[in-house]
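Start at 1 with the first residue, then count along the sequence.
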Amino acid sequence: MILKCTSHESLLTLFSYLANAQPPGKIIGVWLRDDKNLIIEIYKAGPQYFGKQIWGNFLYEDDGTTPIKDEKNANERQRRRDLKNLIILTNLNYEGRVYDGGTFYDYESGKKYKSILKLKGENVLKIRGYTVLSPFGKTTTWTRVQ
């Protein structure tokens, strides 16, 4: 590939973009949600990325063994699913600097949102959930579990 830059600014912009681009797969691992009540494992299946809930205080009834179900799900047939190991991030594609095109499922509301994930360094992940336009969404921050 041959790149032509017509100005010094364009060349700096190109180098800045390349410096910020990260190789795919950097989000694979185990992450702690900002409220410290949920741990999510992000993994790759085929060309896409997914995330499932693997730990949280809310995953079991008070007895500590009976799994809590996905009772708030808008789809009545899915309300029998356990919250433990529930896949909450689906079909994310790597788009150079972001993971995009997938959905985030909020078990607390039972709703799905479009999502964009961005790594900030190696150990901070920003998850933006939105319905129509990203600027009107909400961002949460997860940190990598070492």
As a test of understanding, state which of Tyr43, Tyr99, Trp31 forms a ring pair (Phe, Tyr, Trp, His ring centres under 6.0 Å) with Tyr49. Tyr99
Just wondering, do Ile40 and Leu32 contact through their side chains at under 4.5 Å, heavy atoms? no
Taking the basic N atoms (NZ, or NE/NH1/NH2) and the acidic carboxylate oxygens, is any pair closer than 4.0 Å for Asp35 and Arg33? yes
So, for Asp100 and Tyr130, which heavy atoms are closest and what is the spacing to 0.1 Å? OD1-OH, 4.4 Å
Stepwise side chain to side chain contact (heavy atoms under 4.5 Å, CB included) check, Val30 with Ile39: CA-CA 7 Å; Val30 179; Ile39 294 179; 3.2 Å; yes
Test side chain to side chain contact (heavy atoms under 4.5 Å, CB included) on Glu122 and Lys26; report intermediate values, then the result. CA-CA 7 Å; Glu122 292 287 321; Lys26 290 283 189 173; 3.7 Å; yes
Donor-acceptor contact below 3.5 Å, side chain Arg128 vs main chain Lys118: no
Among Leu59, Leu38, Ile88, find the one that has a side-chain contact (heavy atoms from CB on, under 4.5 Å) with Leu83. Leu59
Who are the ring pair (Phe, Tyr, Trp, His ring centres under 6.0 Å) partners of Tyr113, not counting sequence neighbours? none
Tightest non-hydrogen contact, residues Asp63 and Thr65, listed as OD1-N, 2.8 Å
Could you tell me whether the side chain of Ile27 reaches within less than 4.5 Å of the side chain of Leu119, counting heavy atoms only? yes
Ser115 vs Thr103, side-chain hydrogen bond (donor to acceptor under 3.5 Å, both in side chains): CA-CA, chis, key distance, verdict: CA-CA 5 Å; Ser115 61; Thr103 59; 6.0 Å; no
Does Glu108 pair with Lys72 as a salt bridge, N-O distance under 4.0 Å? no
Taking C-beta and beyond as the side chain, do Phe104 and Leu92 meet within less than 4.5 Å on heavy atoms? no
At their closest point, which heavy atom of Lys44 faces which heavy atom of Ile28, and how far apart are they? CB-CD1, 3.9 Å
Hey, what do you get for CG (Asn73) to CZ (Arg80), rounding to the nearest 0.5 Å? 11.0 Å
So do Thr90 and Phe50 actually touch side chain to side chain, heavy atoms under 4.5 Å? yes
With sequence neighbours left out, write down each residue that passes salt bridge (charged side-chain N to carboxylate O under 4.0 Å, His left out) with Asp34, or none if nothing qualifies. none
Taking the side chain as everything from C-beta on, heavy atoms only, tell me whether Ile127 gets closer than 4.5 Å to Leu125. yes
According to a 4.5 Å side-chain heavy-atom criterion applied to Ile, Leu, Val, Met, Phe, Trp and Tyr, with indirect links allowed, do Trp55 and Tyr60 form part of one hydrophobic cluster? no
One should read off an interatomic distance between Ile87 CD1 and Glu41 CD, to the nearest 0.5 angstrom, of 10.5 Å
Can you tell me if CG on Asp62 sees more than 12 non-hydrogen neighbours from other groups inside 6.0 Å? no
Closest non-hydrogen atoms of Thr140 and Trp142, given as atom of the first, atom of the second and distance, are OG1-NE1, 3.6 Å
Does atom NZ of Lys111 have more than 12 heavy-atom neighbours, drawn from other residues, nucleotides or ligands, at distances under 6.0 Å? no
Tell me whether Lys84 at atom NZ has more than 12 heavy atoms from other residues, nucleotides or ligands lying less than 6.0 Å away. yes
Do Thr141 and Lys126 pass the side-chain hydrogen bond (donor to acceptor under 3.5 Å, both in side chains) test, and can you show the C-alpha distance, the side-chain angles, and the key distance before you say yes or no? CA-CA 5 Å; Thr141 302; Lys126 299 284 186 175; 3.0 Å; yes
Go through it in stages, so that I can follow the logic: the residues are Asn123 and Gln146, the test is side-chain hydrogen bond (donor to acceptor under 3.5 Å, both in side chains), and I'd like the CA-CA distance, side-chain angles, deciding distance and then a yes or no. CA-CA 9 Å; Asn123 298 317; Gln146 301 297 331; 3.1 Å; yes
Closest non-hydrogen contact found for Lys69 with Arg79 is CB-O, 3.3 Å
In terms of side-chain heavy atoms, does Asp70 have a donor or acceptor partner in Tyr105 at a distance below 3.5 Å? yes
The reported gap from NZ in Lys52 to CG in Asn85 (rounded to nearest 0.5 angstrom) is 4.5 Å
